[in-house]
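As the structure is a prediction and not an experimental result, all values here were calculated from the model. In what follows, chains carry the letters A, B, and so on, assigned in the order in which the sequence lines appear, proteins first and then strands, with residues in each chain numbered from 1.
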Amino acid sequence: MANPTGPTGEALHRKRPPHPIRAYGDRMGDGGVQLSFTLPVAAGGRAKEAARRFAEGLGLRSVLVTAMEKAGTEFTFFVVYGRSEVTLDFAEVEVPEVTTPEWTPKEVNTLVKERLGRRVIVVGACTGSDAHTVGIDAILNMKGFAGDKGLEAYPWFDAHNLGAQVDNQALLTRAREISADAVLISQIITQRDVHKENARAFIELARREGFRETLFLLGGPRIDHALARELGYDAGFGPGTRPQMVAGYIVERLLARKEGRP
Amino acid sequence: MANPTGPTGEALHRKRPPHPIRAYGDRMGDGGVQLSFTLPVAAGGRAKEAARRFAEGLGLRSVLVTAMEKAGTEFTFFVVYGRSEVTLDFAEVEVPEVTTPEWTPKEVNTLVKERLGRRVIVVGACTGSDAHTVGIDAILNMKGFAGDKGLEAYPWFDAHNLGAQVDNQALLTRAREISADAVLISQIITQRDVHKENARAFIELARREGFRETLFLLGGPRIDHALARELGYDAGFGPGTRPQMVAGYIVERLLARKEGRP
Amino acid sequence: MLLPIDDAAVAECRAHAMAIATDVQRFIDRHTTVAIERTVLRAFGVDGADPDGVPLVNACVERHRAAGTLGRGIATFLGRRICRGATDAQEAAEAIAYGDELDDGEGGPSTEEVRRALIEPTRRGIERIDAARRHRDADRARLGVGGAPLKYVIVATGNIYDDADQARAAAQAGADIIAVIRSTAQSLIDYVPIGATTEGYGGTWATQENFRIVRAALDDEQDKVGRYLHQVNYSSGLCMPEIAFLGAVERLDMLLNDAMYGILFRDINPRRTLCDQYFSRRVIARAGITINTGEDNYLTTADAIDAAHTVVASQFVNEAFAHLAGLPDELMGLGHAFEIDKSIEDSFLLEIAQAQLVRQLFPRHPIKWMPATKHKSGDIFWSHRVDGLFDLVGVATGQSIELLGMMTEAIHNPYLMDRFIALKGADYVFRACRHLGEEINWKPNGRVVTRAQTVLAEAQELLGVVRAEGMFPAIARGVFADVKRPETGGRGLAGVVERATTYVNPILDVLEGRTP
Amino acid sequence: MLLPIDDAAVAECRAHAMAIATDVQRFIDRHTTVAIERTVLRAFGVDGADPDGVPLVNACVERHRAAGTLGRGIATFLGRRICRGATDAQEAAEAIAYGDELDDGEGGPSTEEVRRALIEPTRRGIERIDAARRHRDADRARLGVGGAPLKYVIVATGNIYDDADQARAAAQAGADIIAVIRSTAQSLIDYVPIGATTEGYGGTWATQENFRIVRAALDDEQDKVGRYLHQVNYSSGLCMPEIAFLGAVERLDMLLNDAMYGILFRDINPRRTLCDQYFSRRVIARAGITINTGEDNYLTTADAIDAAHTVVASQFVNEAFAHLAGLPDELMGLGHAFEIDKSIEDSFLLEIAQAQLVRQLFPRHPIKWMPATKHKSGDIFWSHRVDGLFDLVGVATGQSIELLGMMTEAIHNPYLMDRFIALKGADYVFRACRHLGEEINWKPNGRVVTRAQTVLAEAQELLGVVRAEGMFPAIARGVFADVKRPETGGRGLAGVVERATTYVNPILDVLEGRTP
Ligand code: B12
Ligand code: B12
Ligand SMILES: Cc1ncc(COP(=O)(O)O)c(C=O)c1O
Ligand SMILES: Cc1ncc(COP(=O)(O)O)c(C=O)c1O
């Protein structure tokens, strides 16, 4: 069984040798990319030329407008191929990633029982006007996700799922009532950044209400750890998250705190 | 019956009111575009971040990496959406376009008979190592294209189709032998710009060999009038060209010359 | 294509479903709701809002609800005001809403007088529905309707003017049906906003003015494209009957209309929305609008293989509800979907079995065939391919209304180009496979036949169980969509009011075929 | 899926085809070609080139051709040099090519002595083929082969090292078969280039070293992915038998091998390439390589509906040619394609009919199913959808080898991502429709059945006509692919040489089953 050690937040920036990369079409370094878009003009020779210039405006060279389709009297749809000259140094690309211990549910339960000595209390909801519960259900409910049971199924967890369209205030009130160790928030609808606004508003409210110790986890198809951190959460979880990862993360954090690790 | 008048080459640059346009995703001006590409790195958090930065390198904002797929151990395929800030003034977009008179085959024949008074002689081929004859056949052969008969079917045309893989020199020799009014060249293969090189070489050879009067037409799926002009041809014809358009163009040019029009 | 299906099993399903629905209908017939009463006011021509945007119909109804007198029907009070001298319904309603005193219903005029006073407003209200229907019928007869499956796409910019532009573009690209998706959570608000709107999340507000704007665009466009263009909006939610009425008079062609959707996916109180649904469907039947039901949604929360029979069972119940509300089969766009996990072997066979089963069980119904949504991914190329097989099943099994899949389903509300790509793709598949359905006989006792028979048998069994326990308890224990909704939970229960013996509702009288 | 097909008609097609092929075979048996003779030298172990890159085998053969003595077989002259003291074939060949004097074949040693001198070189040459075959068989047995349809993709970067990288990536993404497309117009050059190459147009040069590089990459990769990986290259063209031999010893799994392709699409002389084809197929049969024929190409120049029967007729003839060259059915990857104009109603039904017909006519043959190419467009989304239906037909009709369609077919040689997208899409369709074929019975006398029967009847009639007129005249009058090729036109006729009565070719003797 792995030992809960080391930092769980951002990976450390290690020094790597330079590693320049470009897009790969058919040969290393050719920069080949595909693009599609609509321009609000009628199809025709000038529209096609506009599409070409548009692609050049994005820095593409050897632009090939391979399709020009009338999508409406005043809208034209284009498919374009071109070569980009953008070169990145992959060695410098670094992202904060959540480190989730690779513990089985059984290991998690044993750890909680033996090292924490009390049940872990979590509460989750899909907040705001968002009614997409499938994601939070996958994490919290018995049924789980892709064959991996949800936190409800863990004997040493006490999991509360408030469901959809839950008000930020209502969620916090409930978290206080049950003395939750972790609050899990799911945000699926992202149009015009509604997820960010709502998620940020929740944290502000929590700070105002004096929440200090509670772990705040954010999840959803457009969430990643970096964004969650930016919005003030402890961790973020994106598509494909399995309940096990979440359980592991929470327990690791609680143990670290209890045992005075960072 | 329309009269063969006016300039047939580049359309005149008319002054238009400014007309700024951006890509249209879901709302006017939002700049929404779709992009896909491969980066030569293994899939993972850093690869995804690299994809995001790559898209930013193309000037996109609100970048969403919607798919990251392992296309090989060291290749990752991405689908990305983002907003581009490129704005074009559509009023300034101008392209040279071939003006092809809207004459029916019957009208073309009558014009040749009555105003030229002799048969028009054309010779065509798919040149270089290119063996794609379907395009040139569509223009020259009886069968034609999309229900529109080829030049062979015109009583007042004398059409020679030399087929595929024809050497530039051989084509010119033949053109001289039959005193061709127009030479039609098809170029389909475009890898590493082989079509441009070969097409340009043909014109250089023709100039060296003293061809002055003959019309040179270039066609193919990646040819447009602008490119053909650039390569030294009288006109260029792209995808969807119908034989009628070609016949009309040639006759209009011959009449113009005979009648001293530009 | 025909699957061998046991007629007796089908008949038993229908019998169970009618028993289930009739049981609920007894509840419905004893109750009214704030939304129903607001609809009555709208039918009488009451319109407008106070400076805060609270619609007059809400103010009226709320006042009587708070006073505990709504059980007599808002028509009672409106009629009384007219008898007492209000020049028209609007003035009467204003008096009810903003007047100093609230009529307690005691004393004259007599019910007889009240009823008489309402005859003309009732006639005019119904005539607005009938006129809209005649208008639509004439347009359809003149222009003709596209071939089946009809191509249905959504627009959802949030701005009604962008929606109208995109609706036109979609029509130009081949769409037959344009649905304007509502702003997220509009179904949870207990009033209908007013006027043209340009800000919405994930969709555009459903308002009478917005309906008009889109209809005008389609009226204009349909002459150009030479085929009738349909407009769709959503009525499920707390304002179901009101939106149905607004849709009826604004010539909407289809309405998403399903209490079960509201209960399961919006946590709307079951009693409330089932009452609302009944009244809304009476309006819809009169208007000749096609309903779209939402069984397809069950497969987003429940597994599409395990829960396939719950979709079929629910369709039978929904059919029974619709029959009880006077809707003919020809207006029932029962919903189902291509939602099986795409990684499963032979998923295509299971999808075909389900699609063909539903087609055969509901042969005269304009079945609404929904695309894959949950098992889509951000890989648009893969998703587009999934939609290709979906289109093939749609045309091969002869679905009536096909909501085209979008390759960006897992990403965003469709871009204009996404819709174009979907329409062009569907055109190809529909044409290339035009007569595929006629060509195929399924292997007897093969995978497809067996699957269809199994689903039907499971549906039959489930309907028997639900009939025994009752619809409300079944919903409460999570039979549908794996979602549990108790009879007295959810939003809007306070808006359900028992009808008094003196309940007056002349609009309902006409819709139910009585002389008011 | 089975279509009712008239066995008698099929038998008659085969009889016609065998008569047609036998007639041509009489010509073949009386001739040899420069390419055949070069192959003989290669089999004897002759290798290398002069400083200008002219291969030694070319120099040898050309010298005797120019001298008019090639009709005795290059083996005669090689054997004579060995008898006269050359230490091995290589030295003998160098003497032939660069020696001051050219042997005119007069005087000793005797034919008997020559033959004896060649026994050991012949044995070693054949053993190289046999050893490669054993190696391949062992690898296939150890690793197993992917399920049908096998997923076939092309790589064509021009640079063999990029090709190898992309071949690996394709295998990781699910490909079973990797074809390295040849550089444009390699088929027209009358020698095989040497060494690893990094510059090609539209493809990569076919060289022995390039075959090795890709095979090594696949050998390495197949252990990681846990299934056997196939390599394909092209032998049609002026070097057909030589490439067949190089492919045989380098363990290629499939070779595009079709004289008709060279004649119609490359304007190679019919006599020349039919002779070459025969010898190449003898080598291929010995090597256990699967041929891929090119009838699919006919539908790029001729219409896929009108000319469907020409594909079938040509397949029967190709089968007969292959049988005459000793190839078993199990090695005949006859080609056909999904090339019907996509704008035609019911095109999908016609495609299914054709695919299933071909499947049934050639039941043991590893049929090669080609995607739409001509009716693709630069709209990659639309093209990708077309490929989805293509994949469906492929799995439903049980095609053996499926060349995956590329959404960028109308644009460029596939990008790495295009291949990935195609493989992922095919995986979905193959899995989702795994047993679809088993489930379907076609409506008797329906569109599909009628179409298949019509195509077969037309093919039968055409074969009768071609039998009467002869294959060369039929090709000359444009029966196939709408392309006319006269018997004495095209490239390479000068390389055809009548065999002398004293013709010696011990390699052919072994391949034809005689003791050399
Ligand atoms: C199912 C679904 C619905 C169902 C929801 C049922 C339900 N009870 O959840 C119904 C049919 C009701 C529905 C309705 C609507 N939907 Co919807 N829906 C979807 C759909 C098809 C699938 C979502 C899903 O279930 N995914 C599966 C789950 C398992 O994945 P997940 O949510 O990403 O969760 C995983 C991870 O992200 C993570 N995770 C998620 N949350 C959390 C939280 C924590 C703490 C952690 C640790 C992890 C975690 O773990 C999960 C397991 O790995 C998507 C399209 C799609 N394919 O994505 C559209 C989609 C999300 N819906 C959309 C819209 C617009 C709506 C509506 C607003 C439409 C309308 N105007 O009417 C309505 C209203 C709903 C509302 N107010 O929220 C849009 C959102 C657009 C956007 N980007 O903003 C989408 C993308 C469709 C589209 N292209 O338009 N929808
Ligand atoms: C048919 C075809 C073939 C046939 C050709 C048969 C024949 N006799 O023509 C065969 C099977 C032989 C073939 C072989 C090869 N092909 Co090819 N082929 C195609 C295919 C599928 C269709 C081309 C076609 O017929 N289009 C239909 C005609 C009507 O359209 P068109 O040519 O554009 O012509 C129209 C206009 O452009 C215009 N026009 C054209 N020429 C002219 C000339 C004049 C004067 C005028 C006025 C107008 C005009 O009018 C026509 C009617 O509107 C394309 C893919 C595609 N879908 O485009 C690949 C394609 C062109 N082939 C390709 C390749 C690489 C090859 C090979 C080199 C592959 C190989 N390495 O083995 C070989 C070798 C051929 C060679 N040396 O040239 C590539 C080219 C890549 C590139 N961009 O360079 C393509 C794009 C496929 C791909 N994605 O890889 N091919
Ligand atoms: C029957 C039905 N009603 C309504 C809706 C949408 O409702 P809302 O506007 O509440 O999101 C749907 C969406 O799928 C539906 O299926
Ligand atoms: C049978 C056959 N041989 C060869 C080729 C390719 O030959 P080349 O290298 O001459 O282009 C093809 C291409 O389609 C083919 O079908």
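Annotation: the span from B:L88 atom CG to A:L39 atom CG amounts to 7.0 Å, rounded to 0.5 Å.
A:F90 pairs by the ring pair (Phe, Tyr, Trp, His ring centres under 6.0 Å) definition with A:H19, not counting sequence neighbours.
Interface remark: A:F75 contributes side-chain atoms only to the contact with chain B (heavy atom separation under 4.5 Å). For B:R22, the part lying near chain A is the backbone, with the side chain staying farther off; criterion is any non-hydrogen pair under 4.5 Å. In this structure, chain A has a heavy atom under 4.5 Å from the side chain of B:V41, while its backbone stays farther away.
Contact between A:A23 and B:F37 at its shortest, heavy atoms only, is CB-CB, 4.4 Å.
Proximity to chain B among residues 44-57 of chain A is limited to A:G45, A:R46, A:A47, A:E49, A:A50, A:R53, A:F54, A:G57, judged by heavy-atom separations below 4.5 angstrom.
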**Report entry** Audit row: A:R222, B:L64, side chain to side chain contact (heavy atoms under 4.5 Å, CB included) steps and yes/no
**Finding:** CA-CA 8 Å; A:R222 297 288 163 250; B:L64 213 58; 3.5 Å; yes
Query raised in the report: B:L58 and A:L60: side chain to side chain contact (heavy atoms under 4.5 Å, CB included), yes or no, with the steps?
Result: CA-CA 8 Å; B:L58 294 176; A:L60 300 187; 3.9 Å; yes
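When the candidates B:S62, B:G238, B:S36, B:G59 are compared by the number of heavy-atom contacts under 4.5 Å with chain A, B:S36 comes out ahead. Chosen from A:V33, A:L35, A:T66, the residue pairing most often with chain B at heavy-atom distances under 4.5 Å is A:L35.
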